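One structure is given below, encoded as structure tokens.
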Amino acid sequence: MKPFYITTAIDYVNGSPHLGHAYEKVLADVIARFHRQLGEPVYFLTGVDEHGQKVQQSAKLRGIPPQQYADEVSLEFRALLPQLNISNDDFIRTTEERHKRVVRQLLQQLFNKGEIYKAEYQGFYSTRQEQFLQEKDRQPDGAWPEIFGEVTEITESNYFFKLKGYQDWLVEFLTKNEDFIFPRYRQKQVLEFLKDPLNDLCISRPRERLEWGIPLPFDENYVTYVWFDALVNYYSAVAATGQWPADCHVIGKDILLPPHAVYWPIMLHALGLPLPKSLLVHGWWSVNGVKMSKSTGNFIVPADYTAEFGVDALRYFLIREMNVGQDSDFTRVQFLVRYNSELANNLGNLVNRTLNMTTRFGGGIVPAAGPAAEAEQELHALWNKTRDEVIPLCEGFQFHTALEKTFAFITATNAYIEKRAPWKLGKSTAEADQVLLRTSLATMAEALRLGVALLQAVMPATTEKINAVLGYTPGAIWRDELVWGSKLAGSKVAEALVLFPRPQPAEKVPAKP
Ligand code: MSP
């Protein structure tokens, strides 16, 4: 069975990783883990984009060779993965031989097919974006937008890929495959973009202008344009093992158009290779409304949060806070609000009450449940509803809502405990109260086990810890774990588990927003 093949964008190594990069990895990781949970084999690729002008410039600034610079910064991106508990199967660097070989092979194939030609080109060039600009890129006042940095007019001979000839094919493909890009409105944007005629794509840079790249196999005086090099990573990583096509490319909205929505499908089609099954396009994290980025310097360092609050608190926040596809602002206050009210006071509280009460009133062993009365039946019904809603939500990338519903179930379980008040039942010797006490202990433990099963993809380490203190080893088939039952009856639980220690009082914010 071909694995579910999922990729992230490969990050430029011209600066250290920030929270935007971290988010994309976590999002892809949650999807990868979700598919593994459903019993599918998964192949998860991430990596770094090491060639191009930006890296060459950054290396020059540091006064070291680009390879050395790329080696150093790549290590930082690689180190981010275990820090975030990312379950990738592979990590590709575009300076690796396995990648360069495939890029050159594909270029040669396209050249042999007559899809690449040489021509003289004159135009306005943005060094920052490494692209020639078009008249339509100008602002109404004629100036070039800030994002292009310094723009100069240059003439040079270059190689071009015949993009133009594939425009009608691409429009037809996107019209027929409405779900190629998520969210759907992005696909509409691409079709809008394709209403204007495409130009052929300049795919080379003369080596005198850019040394740091993969030389064209048919003309060593040129290196490949960065996008042609970068996009191929998705294919080069698995070219030898046959996992292509990708099922899902997870990317940010800034790199959808034109690279992923236009260049990449056309490159593959021209090569006679299958297209990826889907593009998942996420939004941007900002700080005070400004996109978080290396160049503006307004970035959050993920390690600051994982060190202070633990990896799962950050993973939870990123996935709970952002509606996939839209933008979100990152603030420490909002992080603390969720940390306190959802993780510490809700989930952490349920774990501690369950352990504490099972220890005090059950001798540390989860009892068998007695007959379910109304309060238990309500919780069972809520569980069934929650589970049946959460799975399709995850399949549709609505992870923020899936978490909201899962936490509503955890809230309901805490409310159930308040209602049953085992601490009162424990004081009574009446048989009916003792039965109810055992039922309430069994019910809270089972509800916790179930709720936690839905959190597994987002908070894998926390889930593991909670299962361990419940004395529970989940079975191999995740869906079978989601049935309300008595899997914990007879389990020996631990006395306590500190999952989400409270932040310092000085930083405390109200528990509810
Ligand atoms: N190297 C290219 C991608 C090549 S993929 C074949 C690139 N690199 S990048 O480092 O600039 O960005 C990598 C990914 O991080 C992109 O998907 C980008 O959208 C994402 N993010 C960078 N800043 C971001 C935020 N502030 N918020 C969320 N994600 C953003 O582009």
Side-chain angles (χ1 to χ4, degrees), residues 6-28 45-56 58 70 73-74 76-78 80-81 84 86 91-95 99 102-103 106 128-131 147 181 186 212-214 224-237 246 248-265 267-268 276 279-302 314 317-319 321-331:
I6 182 166
T7 66
T8 68
I10 48 171
D11 302 318
Y12 285 130
V13 293
N14 62 332
S16 300
H18 60 64
L19 192 93
H21 303 121
Y23 170 70
E24 187 172 283
K25 308 295 178 307
V26 171
L27 175 61
L45 173 74
T46 183
V48 279
D49 190 354
E50 302 190 311
H51 289 126
Q53 198 109 11
K54 293 179 197 177
V55 174
Q56 184 170 298
S58 301
V73 184
S74 287
E76 286 184 50
F77 279 92
R78 208 187 264 272
L80 182 69
L81 302 171
L84 297 167
I86 303 298
F91 183 87
I92 191 160
R93 300 180 56 187
T94 53
T95 51
H99 174 72
V102 174
V103 170
L106 298 188
R128 185 185 294 167
Q129 297 298 330
E130 292 183 32
Q131 70 184 71
I147 50 157
I181 304 173
R186 293 264 175 225
W212 185 234
I214 302 176
T224 325
Y225 166 57
V226 68
W227 277 109
F228 209 99
D229 170 347
L231 289 162
V232 170
N233 91 87
Y234 303 134
Y235 177 74
S236 65
C248 183
H249 289 319
V250 180
I251 56 168
K253 63 178 183 180
D254 49 324
I255 57 173
L256 174 66
L257 267 174
H260 283 83
V262 178
Y263 304 160
W264 186 223
M267 279 161 68
L268 289 165
L279 306 180
L280 174 56
V281 185
H282 63 76
W284 284 345
W285 284 96
S286 56
V287 175
N288 298 324
V290 178
K291 184 199 173 204
M292 195 183 297
S293 80
K294 287 167 275 208
S295 47
T296 45
N298 64 339
F299 54 82
I300 306 283
V301 178
L314 181 62
F317 180 78
L318 293 175
I319 299 299
E321 184 72 12
M322 194 178 249
N323 178 343
V324 176
Q326 295 177 13
D327 298 338
S328 282
D329 208 53
F330 189 95
T331 67

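Indexing begins at 1, ligand by ligand and atom by atom, following the structure's order. Computed from a predicted model, the values in this text were never measured in an experiment. Keep in mind that the numbers below use all heavy atoms, side chains included, and drop hydrogens, waters and symmetry copies.
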For Ser293, is there any backbone N or O sitting under 3.5 Å from a side-chain donor or acceptor partner on Asn298?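 Flag set: sc Asn298 to bb Ser293 pair under 3.5 Å.
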- Item | Option from Val13, Val226, Leu231 for which side-chain contact (heavy atoms from CB on, under 4.5 Å) with Asp49 holds |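 Answer after filtering Val13, Val226, Leu231: Val226.
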Notebook entry, point to check: Can you tell which of Arg186, His282, Gln326 makes a side-chain contact (heavy atoms from CB on, under 4.5 Å) with Lys253?
Noted result: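 Going through Arg186, His282, Gln326 one by one, the side-chain contact (heavy atoms from CB on, under 4.5 Å) with Lys253 is satisfied by Arg186 alone.
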Q. Closest approach of Leu256 and Ile181, non-hydrogen atoms and distance?
A.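 What the structure gives for the nearest pair is CD1-CD1, 4.2 Å.
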For this session: Quickly, which of Asp11, Thr8, Asn233 forms a side-chain hydrogen bond (donor to acceptor under 3.5 Å, both in side chains) with Thr46? Name it, please.
Result: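 Among Asp11, Thr8, Asn233, the one that satisfies the side-chain hydrogen bond (donor to acceptor under 3.5 Å, both in side chains) with Thr46 is Thr8.
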Consider only side-chain N and O atoms of Glu321 and Ser328, and report whether a donor and an acceptor are under 3.5 Å apart.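 No, no side-chain donor-acceptor pair sits under 3.5 Å.
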Note to self: Taking non-hydrogen atoms within less than 4.0 Å of ligand 1, which protein residues qualify?
What the structure shows: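 Contacts of ligand 1 under 4.0 Å: Ala9, Ile10, Asp11, Tyr12, His18, Gly20, His21, Glu24, Asp49, Trp227, Ala230, Leu231, Asn233, Tyr234, Ile251, Gly252, Asp254, Ile255, His260, His282, Gly283, Trp284, Trp285, Lys291, Met292, Lys294.
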